[in-house]
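Here, residue 1 is the first one in the sequence, and each next residue gets the next number.
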Amino acid sequence: MQPEHPTPSRHADLCFNDGNLAVLTGLNYFLVHQGLLCRHSPPLSRMIETLESQQTRYIEGRLVLELSEPSNDVYYFLLALYDGISTLKYDVSDFGVMSAVLLLATKYEVKYLRMGILGSLSLIWPRHLSLWEAREARATNAVGVYEPRKSITHPILIINLARAVNASELLPAAFYDLSRSSPSACAAGYTCPSTFTTHQLSDADLLSLLRGKEHSSRFLSTFIVKELEGREPSMSCIHRMELDVARRRICQAAFEAITFEILRDINGPTCQRSSDPLFAILDAELMQTREDPLGRLNSALRACEFCRSEFGAAVDAAREDFWQALPTWFGIDPVVWS
């Protein structure tokens with residue numbers, strides 16, 4: 001006759017001899033402290049109260065709380081309850097651990113774990129442009145090549161996780177990050193190199209992504225027409241009163257050259273920032289003072305200080321407007337960033 005339950009095994013790490021509760025997941029169990037779980041998780045507290053009145057199964061003399069989640073996920077969750085999340089990482093290497101803790105912290109209403117993890121994620125997928133700039137700088141190597149996927153989790157994983165835990169504040173930045181990829185790459189999804197599992201967006205999110213991508217491209221086109229094409233020199237331009245027509249047009253010619261550089265997407269092959277309208281707007285200002293490999297400035301792209309200053313103000317304003325429009329463009333309630 002088959003036993004009613006397969007014989008479970010003690011977890012090799014998380015078992016306390018003075019624990020008074022056996023948390024069973026699959027064929028593993030953890031000996032933990034009832035009071036800790038009840039203090040931090042109202043749903044677990046209610047489940048334990050129900051068990052105390054109905055339970056007939058015990059392991060090592062402890063009441064058994066059976067959870068449906070995978071053993072490893074429960075291990076990471078319980079470990080976070082005991083040790084906190086100060087050592088948790090938010091990069092590519094630790095996504096599985098972080099997501100497991102966040103999902104269970106959300107399901108079992110452990111608010112301090114959820115808030116702590118979302119707070120750290122919001123530094124990588126932020127609601128403020130200044131934090132996005134800091135993140136982008138960290139993802140750029142010493143020679144100026146942008147390499148986000150070496151450290152930053154793929155945005156498809158973040159979008160799907162944010163949907164699962166109702167963390168909509170992460171979505172606009174994640175959608176924008178993904179929108180910089182080609183439509184075909186977005187539709188194909190992301191294949192994890194270690195598990196070979198392919199993660200894809202829902203049909204609704206894919207549609208929202210493509211709509212947002214179109215909005216961001218239109219914004220860049222409008223910026224080029226409004227702020228670069230035929231841009232008049234500053235009233236304080238140092239070349240304004242030149243008698244020679246060519247010299248009088250030095251700053252105008254510089255902005256015309258910048259327009260050409262943006263239109264041929266000069267930043268893409270050199271910096272790995274192709275299809276990044278937010279960076280392209282910034283680069284229109286940066287290329288005026290960028291040196292070539294020999295340390296020389298390109299005079300054809302350099303307007304005078306007064307013209308650069310006025311253009312810089314236009315760039316800053318446009319980029320802030322762009323950033324604040326992201327929730328609406330990607331079909332997310334703007335309230336998530338209020």
Results of side-chain hydrogen bond (donor to acceptor under 3.5 Å, both in side chains) for [X] - residues two or more places apart only:
X	answer
Arg249	Glu256
Ser236	none
Asp13	Tyr75

Of all the heavy-atom pairs spanning [X] and [Y], show the shortest one and how long it is.
X	Y	result
Ala162	Leu171	CB-CD2, 3.8 Å
Leu220	Ile281	CD1-CG1, 3.8 Å
Ala187	Gln200	O-NE2, 3.2 Å
Glu227	Ala314	OE1-CB, 3.6 Å
Glu66	Met47	O-CE, 4.4 Å
Arg46	Glu109	NH2-OE2, 4.4 Å

Pairs involving [range], ordered by first then second residue, that meet side-chain hydrogen bond (donor to acceptor under 3.5 Å, both in side chains) (sequence neighbours left out):
range	result
residues 93-108	Glu69-Lys107, Glu69-Tyr108, Asp91-Ser93, Thr106-Arg114
residues 161-174	Arg163-Asp205
residues 320-330	Glu320-Gln324

Quick one, [X] and [Y] - any side-chain contact, counting heavy atoms below 4.5 Å?
X	Y	value
Phe223	Val315	yes
Phe77	Leu81	yes
Leu118	Leu170	yes
Val165	Leu103	yes
Ile124	Thr153	no

Practice task
Would you mind checking if Arg308 and Glu305 are paired as a salt bridge, meaning a charged N to carboxylate O distance below 4.0 Å?
Solution key: yes
Practice task
Indicate yes or no: does Glu133 engage Arg319 in a salt bridge with an N to O separation below 4.0 Å.
Solution key: yes
Can you list everything that forms a side-chain contact (heavy atoms from CB on, under 4.5 Å) with [X]? Sequence neighbours excluded, please.
X	value
Glu232	Gln252
Leu123	Leu131
Ser179	Tyr176, Leu209, Lys213, Phe330
Asn17	Arg10

Problem - CG-CG distance between Leu67 and Leu78, expressed to the nearest 0.5 angstrom - result: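 Going from the CG atom of Leu67 to the CG atom of Leu78 covers 8.0 Å.
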Can you give me every donor-acceptor pair (side chain of residues 189-196, partner residue at least two apart or in another chain, under 3.5 Å) with its distance?
residue : atom : partner : partner atom : Å
Thr191  : OG1  : Thr198  : OG1          : 2.9
Thr195  : OG1  : Thr197  : N            : 3.3
Thr195  : OG1  : Thr197  : OG1          : 3.3

Exercise for the section: Please check if the side chain of Arg248 supplies one atom and the backbone of Glu242 the other of a donor-acceptor pair under 3.5 Å. Expected result: yes
Handout entry: Side-chain (Thr140) to main-chain (Glu136) donor-acceptor, under 3.5 angstrom
Key = yes
Handout entry: Check against side chain to side chain contact (heavy atoms under 4.5 Å, CB included), Leu326 and Ile332
Key = CA-CA 8 Å; Leu326 291 181; Ile332 301 158; over 6 Å; no
Exercise for the section: Please list all pairs passing the ring-ring contact (aromatic ring centres under 6.0 Å, His included) test where one or both residues lie in residues 14-39, with sequence neighbours left out. Expected result: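 Residue pairs with at least one partner in residues 14-39: His11-Phe30, Phe16-His33, Phe16-Tyr82, His33-Tyr82.
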